[in-house]
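Right, one structure below, let's go through it.
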Number of protein chains: 2
Amino acid sequence: MQNRPTLKDVAKAAGVSNITVSRVANGSGLVHPDTRLRVEEAMRSLGYLPNLAARAMRTNLTGTIGFLVPDLTNYPNAAVAQAAERRLAEAGFGMLLASSALNPVREAKALAALQTRQVDGVVLYVSDEADPELLTALRRFKTPLVVLDRTLPLNAEVDSVICDHATAMREVVRYLVQLGHRRIALLVPELRIRPVIERSTAFRTAAAEAGIAESCATVVQVSAATAAGSVPALTLLEGPTPPTAIIADGNRLLRGVILASRSLGRAMPADLSVIGIDTDDMALVCTPEITCIVRDFNEIGQLAADLMLRRLTTQAAAPQQVILPSQVVLRSSCGPAPRSSR
Amino acid sequence: MQNRPTLKDVAKAAGVSNITVSRVANGSGLVHPDTRLRVEEAMRSLGYLPNLAARAMRTNLTGTIGFLVPDLTNYPNAAVAQAAERRLAEAGFGMLLASSALNPVREAKALAALQTRQVDGVVLYVSDEADPELLTALRRFKTPLVVLDRTLPLNAEVDSVICDHATAMREVVRYLVQLGHRRIALLVPELRIRPVIERSTAFRTAAAEAGIAESCATVVQVSAATAAGSVPALTLLEGPTPPTAIIADGNRLLRGVILASRSLGRAMPADLSVIGIDTDDMALVCTPEITCIVRDFNEIGQLAADLMLRRLTTQAAAPQQVILPSQVVLRSSCGPAPRSSR
DNA sequence: CTGAAAGCGCTAACAA
DNA sequence: TTGTTAGCGCTTTCAG
């Protein structure tokens, strides 16, 4: 079985030297049009494809970016990854994907695996902003980093794409208060990451501003390991003074709320108002359709790729933080608080 | 900025030759325990990570597998990709991800991009089994291929993971017929791929066997470009003799059916019975919960990775085709056909 | 505009 | 058990 043709084979076929083929392959340097044509012809007829591993040895550039994500089956992550991949591919870059299953140890390991493969940079979601091992690994990291929606205590500033979670959260709390709700709960995953922290803080602040007692604006942290997402929602709804509105962060928790309210026979929105965060993909198939806080995942992924490409091409450039908005999409899952609750 | 330490640096630090370090790094060859310890110590203190690009030049092995997928935002694809990535990572392999947006031209290009990066093999879903360019690219491909759920006319047999779509489809048609349905529609994406073909065929056959006239067992192919998935469902339901049961292949089309039936005021399952295929992720949040044909995506991804790893380690091995089952999960979205339809 | 020589980091083959 | 030599495919430098 013959091996793939190399640059040398092309050179021989075209009757030129290796370096000339290299110049044609890279579009670099000046090559006589006739020569170029001859070389290109040889490349085509041999089916030549450059060997990036070999090129990487000289240039230290693999044309490959690492993408580290906690969980690909989570729609937002997948959408961001796909958008980034697309942008990178358009620019001639490949994407090495690593999924960490929300495990910081795995994240540190994946980082090493990516470095070993000589990625030119890494775009990443981390699943714990305060994990010391992970932070050490990150600080040791030599190639450019684009951090997605996290606040990381790194020495050097890095490029990052972050989202404004507070504005939409405040808006949504005010909306619920206007509808008469006085007992509201926020369900979030138990993760030390920016979106959860910012949402929780904004939730509490907005509730306080609206004159809701601290004990009536509950933030429930749900362990990522809790298989049945409906358990915390059930606990909440079966308590002595159940919330009349629940905001659920992510598909898993929204599903939990829907299942819990269904099993308890609470009607939506008559008995319970529901709002989902980052759950737009399932909002329309629910009955009633779910009011959501949404973000443009496509934009996040593209921007992350763009930041990475910019850093790779223009070395100097000051680190950049891009802030993207969240939006509230009103649908029919919220209504006036039930009379009995007021 | 100092460069990453190389094997040579480690050798110097440990006072041994390059090759000894290499042997320690690969666990290969016999090395004296003391020497090994000294080398490992040097590696650790320097923070040495091997350069896989350099290794690849000698061995022609990058420890990286390509994964080509039409659309990552589609839950089944993401789940399979993640499962494969996990298995590969456990075995020390990286995964280069390429997404084709259902475009065969892109798929051929992505294949070249993967080859250029010297992947040791490629696991792939193609989006058109009959695209000549893609087939040519595939035939030219030198490294191992694991084909996911496609019937490809390739010269050489390749490893593949395929699913049985027919059995579950027959089961589901019989179930609907038993419930009294005599006009049934199947909504599928307009794609020349095994799952769609096998499902359509099984659907027609099962309907015929159940004594349903050909004109009453409709297969509607929906272009992947049709943004509003509800349009074909609306057309169907507003026709003169609308189906009393619809089977929808994939989230997009299931969503279309739900939106259409909602906007027409058809109750589920009283007026319309609905079954989803590969839609288990949204089945429970719907009201009523949706009866689904499901598959174990995790198993598909793991198996694909295993087949690839096996092929990489044991050269000879005859190509293997693993067939995985589909299952029907009954829920409450199907009921007796409405009286008026009989 | 084109080429010759050297070397990137690593390992296969052989030698000691 | 350890080391030496050579070279993978490519690009950088310097000469022509």
Side-chain angles (χ1 to χ4, degrees), chain A residues 1-40 42-43 46-64 92 115-120 142-143, chain B residues 1-40 42-43 46-64 92 115-120 142-143:
Chain A
M1 143 179 169
Q2 80 207 11
N3 277 324
R4 261 174 41 192
T6 74
L7 177 147
K8 209 188 278 182
D9 298 324
V10 177
K12 206 173 296 172
V16 297
S17 76
N18 302 359
I19 183 64
T20 301
V21 180
S22 170
R23 290 203 254 257
V24 171
N26 295 307
S28 72
L30 297 322
V31 179
H32 192 90
D34 294 354
T35 316
R36 175 180 300 278
L37 241 55
R38 211 143 33 88
V39 171
E40 285 170 346
M43 283 180 173
L46 291 177
Y48 170 73
L49 287 177
N51 179 332
L52 255 50
R55 178 181 295 172
M57 283 204 63
R58 291 292 333 188
T59 59
N60 264 314
L61 258 25
T62 52
T64 302
Q115 274 189 97
T116 248
R117 288 180 175 77
Q118 311 292 109
V119 292
D120 297 339
K142 305 288 211 309
T143 48
Chain B
M1 141 179 166
Q2 79 206 13
N3 278 324
R4 262 180 33 198
T6 73
L7 176 147
K8 211 188 278 180
D9 299 322
V10 176
K12 206 173 296 170
V16 297
S17 76
N18 301 359
I19 186 67
T20 302
V21 179
S22 170
R23 291 201 255 254
V24 172
N26 296 306
S28 70
L30 295 322
V31 180
H32 192 88
D34 293 355
T35 315
R36 176 181 300 276
L37 239 55
R38 212 144 31 90
V39 170
E40 284 172 345
M43 284 179 170
L46 291 177
Y48 170 73
L49 286 177
N51 180 331
L52 256 49
R55 177 181 296 173
M57 284 205 64
R58 290 292 336 193
T59 60
N60 265 314
L61 257 25
T62 52
T64 302
Q115 276 190 96
T116 247
R117 288 179 175 77
Q118 311 293 110
V119 292
D120 297 339
K142 304 288 208 312
T143 48

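Reminder, nothing fancy here: chain letters follow the sequence lines and each chain counts from 1. Note that the structure is a prediction, hence the values are computed from the model and not measured. These values consider heavy atoms only, across backbone and side chains, with no hydrogens, waters or symmetry-generated copies.
- Proximity note for B:Arg23 (side chain, C-beta onward) versus D:dG3, C:dC10, C:dT2: the nearest is D:dG3.
- Closest heavy-atom contact between B:Thr35 and B:Thr20: CG2-CG2, 3.9 Å.
- Residue A:Arg58 places a side-chain atom within donor-acceptor reach of the base of C:dG7, judged by atom type and a 3.5 Å distance cut-off alone.
- A donor-acceptor distance shorter than 3.5 angstrom exists from the side chain of A:Arg4 to the backbone of B:Gln115, with no hydrogens or angles considered.
- Counting only distance, with no hydrogens or angles, the side chain of B:Thr116 and the backbone of A:Leu49 share no donor-acceptor pair below 3.5 Å.
- Atom NZ of B:Lys8 is separated from atom P of D:dG3 by 15 Å (rounded to the nearest Å).
- If you take CG of B:Asp9 and C1' of C:dC10, they are 13 Å apart, rounded to a whole angstrom.
- An OP1 or OP2 oxygen of C:dT11 is reached within less than 4.0 angstrom by a side-chain nitrogen or oxygen of B:Ser22.
- In this structure, A:Met57 places its CE atom 11 Å from C1' of C:dT11, rounding to the nearest Å.
- For the pair B:Thr143/B:Asp120, no side-chain contact is recorded, criterion being any heavy-atom separation below 4.5 Å from C-beta on.
- The CG atom of B:Leu52 sits 13 Å away from the C1' atom of C:dT11 (whole-angstrom rounding).
- Put simply, CG on A:Asn60 is 17 Å from P on C:dG7, counting in whole angstrom units.
- Using a 3.5 Å distance cut-off with no hydrogens or angles, the side chains of B:Arg55 and B:Asn26 do pair a donor with an acceptor.
- Between B:Thr20 and D:dG3 there is a side-chain polar atom (N or O) within less than 4.0 angstrom of OP1 or OP2.
- The side chain of B:Ile19 sits closest to C:dA12 out of C:dA12, C:dG3, C:dC10.
- Applying the 4.0 Å criterion to OP1 and OP2 of D:dT11, one finds that A:Asn26 has a side-chain N or O inside that range.
- We find that CG of B:Leu61 is positioned 11 Å from P of C:dT11, with the value rounded to whole Å.
- Among C:dC8, C:dT2, C:dC10, the nucleotide with an atom closest to any side-chain atom of A:His32 is C:dT2.
- Contact between the side-chain N/O atoms of A:Thr35 and the OP1/OP2 oxygens of C:dT2 is found at a separation under 4.0 Å.
- Look at A:Thr6 and you won't find any side-chain N or O under 4.0 angstrom from OP1 or OP2 of D:dG9.
- Nearer the 5' end of DNA chain C, as judged by each residue's closest nucleotide, is the contact made by A:Gly15, out of B:Asn51 and A:Gly15.
- When each of D:dG3, C:dG3, D:dC10 is scored by its nearest atom to the side-chain atoms of A:Leu7, the top-ranked nucleotide is D:dC10.
- For C:dG9, neither phosphate oxygen OP1 nor OP2 lies less than 4.0 angstrom from any side-chain nitrogen or oxygen of B:Tyr48.
- Atom CG in B:Asn18 sits about 9 Å away from atom P in D:dG3, given to the nearest Å.
- Look at A:Arg55 and you'll find a side-chain N or O under 4.0 angstrom from OP1 or OP2 of D:dT11.
- In this structure, CD of B:Gln118 is placed 15 Å from C1' of C:dC10, rounded to the nearest angstrom.
- Of the side-chain N and O atoms in A:Thr59, none sit less than 4.0 angstrom from OP1 or OP2 of D:dT11.
- In summary, the side chains of A:Arg117 and B:Thr64 do present a donor paired with an acceptor at a separation below 3.5 Å, with no hydrogens or angles considered.
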